[in-house]
Amino acid sequence: LTDPSYNAQILVFTYPLIGNYGVDLRSAESAKIQVAGVIMSGLANNWSHTGADRSFAAWLESQGIPLMIDVDTRALTKHLRTRGTMQGVLGLEKPAAGTELVLPSRDFMLKEPVEYNAGKPKKVILVDCGAKENIVRSLTSYPLHVKRVPADYDYTDEYYDGILLSNGPGDPTDYVKTIDVAKKALQKGKPVFGICLGSQLMALAAGAKTYRLKFGHRGHNQPCLQDDDGRCYITSQNHGYAIDESSLPAGWKVNFRNLNDNSVEGIRHVSKPFFSVQFHPEACPGPTDTAWLFERFYESL
């Protein structure tokens, strides 16, 4: 719920009972709830967990997030799995014909650069398009000076050893300034690592195209095959767009594929230190099969 990639979405939980643990915010991915609304079948009013300090419903209410319960989420899931992701409204009555629906603003976006571990020998620019906090935690677990910058920030004239393009919400083609800066960064030849939206932005900067998936990839336990060695990894995913494999320019190849629909889950350059993944190697609480990608990025610096 705190993952910025879910910003402005109505989230349907398919598990029948939510809330029996309460809420533990120590591993939150941002400072607030990012979804626009929550739909579930059953809500547990009695909660118990050593790390929790409030109920699920109280947490949503404190931030003004609407919650709809006692919904047949199996039927709703069947509807969405047949027709694909769609726009929706939560309300007490049906909106009048012609009503303009406005998505919540993305006021969570980083406004000014933030630095971590200043003085460490290697410097990484983290381009924050809605970065999860666990990306920061993963990077700072290495001896790295991390400069976290807004999505439209031009860092190409600064000193750095590598770049990480983060996850985030929405259509990747909307991030025009981010893509333009990434194009300049690729020309410098220093290591670049893209995660989720960052993978799509890297592809667009390289000259490839993206498209919207009818059925986005959400949640844990998504199987991905690495082309280099044929190994399968279980991953956490949250994306509604993918890279068009046929549009990849010369010098680029698919590195990971989704085993459910064969869509692109990662690309890399054949000779330069550029690589990206569509899934989340920083997944918290897991699966953590692909956490080694951060070590690979660190070694590339």
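Quick note: numbers below take in every heavy atom, side chains included, and nothing from hydrogens, waters or symmetry partners.
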With a cut-off of 6.0 Å (strictly less than), are more than 12 heavy atoms of other residues, nucleotides or ligands near [atom1] of [X]?
X	atom1	value
Asp228	CG	yes
Lys272	NZ	no
Glu61	CD	no
Lys184	NZ	yes
Lys190	NZ	yes

Classify the side-chain pair [X]/[Y] by whether it contains a donor and acceptor separated by less than 3.5 Å.
X	Y	answer
Asn7	Gln34	yes
His220	Gln237	no
Lys188	Tyr160	no
Glu158	Tyr153	yes
Asp157	Tyr155	no
Asp261	His217	yes

Ile179 with Leu110, same ILVMFWY side-chain cluster at under 4.5 Å: no

[Y] backbone acceptor or donor facing [X] side chain under 3.5 Å:
X	Y	value
Ser166	Cys129	yes
Lys120	Leu144	no
Lys183	Ala206	no
Asn167	Gly130	yes
Lys32	Ser30	no
Thr235	Gln222	yes
Thr77	Thr73	yes

Sequence neighbours excluded, which residues qualify as salt bridge (Lys or Arg N to Asp or Glu O under 4.0 Å) partners of [X]?
X	value
Asp180	none
Asp24	Arg26
Asp229	none

Listed partners of Thr50 passing side chain to side chain contact (heavy atoms under 4.5 Å, CB included), at least two apart: none

Residue list, side chain to side chain contact (heavy atoms under 4.5 Å, CB included) with Asp289, at least two apart or on another chain: Tyr233, Ile234, Pro287

Stepwise side-chain contact (heavy atoms from CB on, under 4.5 Å) test for Val124 and His145: CA-CA 6 Å; Val124 170; His145 174 192; over 6 Å; no

Six-ring centre of Phe275, Arg296 cation under 6.0 angstrom, axis tolerance 45°: yes

Which residues share a side chain to side chain donor-acceptor pair (under 3.5 Å) with [X], sequence neighbours left out:
X	value
Glu133	Arg148
Gln226	none
Tyr21	none
Lys123	none

Other cluster members, Leu60 - Ile/Leu/Val/Met/Phe/Trp/Tyr, side-chain contacts below 4.5 Å: Leu1, Tyr6, Leu11, Phe13, Tyr15, Ile18, Val23, Leu25, Ile33, Val35, Val38, Met40, Leu43, Phe56, Trp59, Ile65, Leu67, Ile69

Closest non-hydrogen atom pair, Gly170 against Leu197: O-CD1, 4.3 Å

Residue pairs involving residues 64-80 (criterion salt bridge (charged side-chain N to carboxylate O under 4.0 Å, His left out); sequence neighbours excluded): none

Salt bridge (charged side-chain N to carboxylate O under 4.0 Å, His left out) pairs, two or more places apart, involving residues 217-227: Asp227-Arg257

side-chain contact (heavy atoms from CB on, under 4.5 Å) between Gln200 and His239, worked out: CA-CA 10 Å; Gln200 299 155 12; His239 59 99; 4.2 Å; yes

Sub-6.0 Å ring centroid separation between Phe193 and Phe274: no

